[in-house]
Amino acid sequence: MPTEAKAGTSESQIGVHWREEPLTEPPGSFVSQANMSDPSVFERFSEKNFPKCFEEYADLLTWDSKWHTILDAGNPPFWKWFVGGKLNASYNCVDRHLTSHGSKAALIWVPEPEDEPTRIITYRQLYDRVNEFALLLSEFARLHAGDRVTFHLPMIPELPVSMLAAARLGIIHNQVFGGFSAKACAERMEDSKSTVLVTIDGYYRNGKLIDKKKEADVTVTEAERLGTKVEKVLVWRRFPGQYVSEAPMVKGRDYFVDEAMKPFSGKTIGPVSMDAEAPLFLMYTSGSTGMPKGVQHRTGGYLAYVAGTSKYVQDIHPEDVYWCFADIGWITGHSYIVYGPLALAATSVMYEGVPLYPDAGRPWRIAERLGVNIFHTAPTTIRMLRKAGPDEPSKYTFRFKAMTTVGEPIEPEAWRWFYETVGKKQAVITDTWWQTETGGFMCSTIPALSPMKAGSAGPGMPGIYPIIYDEDGVEVPAGQNRAGNICIRNPWPGIMQTIWGDPDRFVRTYYSKYNRNKESKDWHDWPYFAGDGAVLAADGYFRILGRIDDVIKVAGHRLGTKELENAVLATPEVAEAAAIAMADELRGHVPVIYVALKPGTSSSKELEERIKENVVKELGPVARPRLVHIVPDLPKTRSGKIMRRLLASISDRTDYGDVTTLANPDIVETIRRQVQAE
Ligand code: WTA
């Protein structure tokens with residue numbers, strides 16, 4: 001670590017350059033209607049009331065039988081929540097709303113082509129679809145509670161239908177982000193031993209109809225090569241009765257969902273009462289080492305946590321029209337498009353396409369037409385919309401009461417535009433910091449109770465006690481402008497259960513760094529290590545600086561440098577590769593690849609392009625490198641570790657510091673001259 005820190009910009013240095021932003025009070029119109037405006041919440045969720053405080057969240061749900069133990073911390077760090085409780089997630093998000101909200105819109109789906117009509121799905125219709133698809137999963141695909149099912153679906157309403165149908169039967173769903181490649185999907189099927197793939201024939205993205213079924217065929221071949229035979233491919237159709245893919249349907253393997261579902265039309269299947277600790281879903285996410293890990297979330301604790309945070313941070317009331325502009329293939333979509341809002345009987349808006357299609361006014365037209373009043377999105381989307389149409393929001397009459405951001409740090413400049421131009425100074429902003437692993441928000445202001453601060457995520461959520469440690473496990477106190485590693489001191493209901501099939505990796509990745517005693521049965525000895533650098537201001541607000549491990553965030557998507565490098569090594573000429581994140585005005589960061597070639601091969605534009613294409617083939621379009629630099633050698637420490645941070649500072653044109661301790665210090669200047677001249 002010391003050698004590395006010398007060469008790159010260390011977290012603490014970034015912290016020093018940070019200017020404190022002023023506080024902004026929430027508008028009175030928001031405060032008067034807020035779900036959480038009673039400051040006693042902080043007392044109720046203080047450490048002396050832990051873990052009992054989380055019963056407040058669990059009480060938002062309908063339980064078939066009540067838990068006997070709120071938190072069982074007897075086998076750290078494998079916490080158990082609401083032990084003995086039984087419930088069904090699909091029942092909680094659908095069935096229980098039928099009496100009061102049956103004819104209300106559960107989902108409003110906006111297709112990307114602007115002339116295609118919006119689809120409204122009421123809670124009653126959602127109930128019908130979920131039941132039919134659950135019957136298909138059970139009687140046709142022969143799946144049972146505890147089995148895994150993989151979805152590779154874009155932003156279509158059939159995705160939440162599929163998720164809720166699986167949850168109805170206790171089948172563990174594994175949705176793979178639509179922007180990941182067929183190969184990435186196959187790897188996730190193999191890791192989760194899942195033999196049923198749910199996909200669609202096609203969907204719109206940026207004005208183009210994408211052939212998704214073609215990809216599914218590659219997934220099946222790849223999964224088989226890896227050792228998992230895909231028994232059934234269930235294909236939803238983008239347009240009823242049509243087939244928009246060029247790929248033939250394979251007899252005995254591929255089935256159109258609408259046809260296979262016909263026998264179940266109008267029939268229902270009861271929700272299976274699941275143990276609170278039964279896994280609800282897997283979500284694969286990138287980590288420091290090669291293969292993404294299957295983050296496993298539980299039913300009871302997860303659902304309670306997302307319902308509670310949707311209610312108190314996003315301030316969702318049943319009468320609100322709520323739009324989380326994110327992808328369901330990402331944890332944000334699972335927690336805050338599907339499970340949280342639907343548990344609260346909200347109307348959740350889904351949009352198929354990209355923000356700028358066909359122009360920068362699109363999101364604001366959607367908001368105006370549907371009467372959206374809560375808007376949740378990522379800084380990368382905000383930056384993109386601001387750049388392409390800084391004045392667009394003022395042309396439309398929508399009025400938001402609450403806005404939230406997630407996924408990356410938001411620059412104060414972008415924050416101010418969001419606040420002034422999008423929110424028209426009438427909406428609160430919550431900057432929510434969290435992760436796939438944490439299930440729901442970890443740091444955020446409670447909007448009616450705490451002022452906003454541009455660029456800061458805010459304090460720990462009620463019942464969440466974050467802390468910053470230095471490398472040696474010493475607490476970095478508030479107000480010193482010193483950065484360190486943000487951790488959470490306590491367990492909470494939304495925390496992942498484990499990594500699917502790899503409990504040791506779970507302990508190693510998140511708990512070994514700051515564990516005080518491996519034998520300890522006391523949760524106080526097991527802080528959760530998040531992998532982010534952060535600074536804590538004197539007022540208790542955390543500013544998140546970004547990943548400190550080998551994970552990079554590209555337009556809010558999480559990618560592993562190791563995964564990228566493995567994909568680059570698929571090009572035969574490449575001897576060694578280093579993937580770095582280069583700062584980018586719109587996307588936050590973009591992947592840039594440095595490679596050294598095998599002897600006897602030479603660099604060319606064609607080779608650079610081929611490397612880029614190979615990355616897309618291996619990982620998917622989200623991972624496409626912005627640049628490939630073919631250099632004579634990569635800078636390394638004496639122990640052979642590639643100095644990625646140093647390469648990142650060359651790409652970012654920042655000072656890379658002292659490199660004299662490297663094994664090959666001279667190469668650094670050679671690379672700098674080459675790259676900065678290109
Ligand atoms: C980053 C997304 C700054 C962080 C929910 C974290 C953020 C990673 C914020 C997790 C925020 C998320 N401010 N950075 N408000 N929210 N991050 O698993 O680096 O896709 O570790 O979950 O996103 O990404 P993931």
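Numbering of ligands and ligand atoms starts at 1, following listing order.
A salt bridge is absent between Glu565 and Lys562; no separation between the charged side-chain nitrogens and carboxylate oxygens falls under 4.0 Å. A salt bridge is defined here as a Lys NZ or Arg NE, NH1 or NH2 lying under 4.0 Å from an Asp or Glu carboxylate O, and Arg383 with Glu408 meets this definition.
Residue, atom and distance of the protein heavy atom nearest to atom 16 (N) of ligand 1 are Gly407 N, 3.0 Å. Protein heavy atom at the shortest distance from atom 20 (O) of ligand 1 is Trp330 NE1, 2.9 Å. Shortest contact from atom 13 (N) of ligand 1 to any protein heavy atom: Glu408 O, 3.2 Å. Annotation: atom 4 (C) of ligand 1 to nearest protein heavy atom, Asp532 OD2, 3.0 Å. Protein heavy atom closest to atom 5 (C) of ligand 1, with residue, atom name and distance, is Trp434 CE2, 3.5 Å.
At least one heavy atom of Pro409 sits under 4.0 Å from some atom of ligand 1.
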### Query
Could you walk me through whether Arg558 and Thr285 pass the side-chain hydrogen bond (donor to acceptor under 3.5 Å, both in side chains) check?
CA-CA 7 Å; Arg558 202 165 142 171; Thr285 193; 3.2 Å; yes
### side-chain contact (heavy atoms from CB on, under 4.5 Å) between Glu215 and Phe180, worked out
CA-CA 10 Å; Glu215 258 179 55; Phe180 283 143; over 6 Å; no
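Looking only at atom types and distance, the side chain of Ser651 has a donor-acceptor partner in the side chain of Tyr594 under 3.5 Å away.
Less than 4.0 angstrom separates some heavy atom of Val406 from each of these atoms of ligand 1: 5 (C). Against a heavy-atom cut-off of under 4.0 Å, Asp431 is close to the following atoms of ligand 1: 11 (C), 13 (N), 15 (N). Each of the following atoms of ligand 1 lies closer than 4.0 Å to a heavy atom of Ile544: 3 (C), 14 (N). Atoms of ligand 1 lying under 4.0 Å from at least one heavy atom of Ile331, given by number and element, are 5 (C), 22 (O). Residue contact check: Thr436 has heavy atoms under 4.0 Å from atoms 18 (O), 20 (O), 22 (O), 25 (P) of ligand 1.
Distances between N or O atoms of Thr332 and those of ligand 1 include no value under 3.5 Å. Among the atoms of Lys553, some N or O lies under 3.5 angstrom from an N or O of ligand 1. Below 3.5 Å of separation, one finds an N or O of Arg558 facing an N or O of ligand 1.
Partner of Arg386 under the salt bridge (Lys or Arg N to Asp or Glu O under 4.0 Å) criterion, chosen from Glu585, Glu411, Glu413: Glu413.
When the side chain to side chain donor-acceptor pair (under 3.5 Å) test is applied to Thr509, no partner is found at least two apart in sequence or on another chain.
Between Tyr302 and Tyr305, the distance from one ring center to the other does not fall under 6.0 angstrom.
Taking each heavy atom of Tyr339 and Ala167 in turn, the nearest pair found is OH-CB, 3.8 Å.
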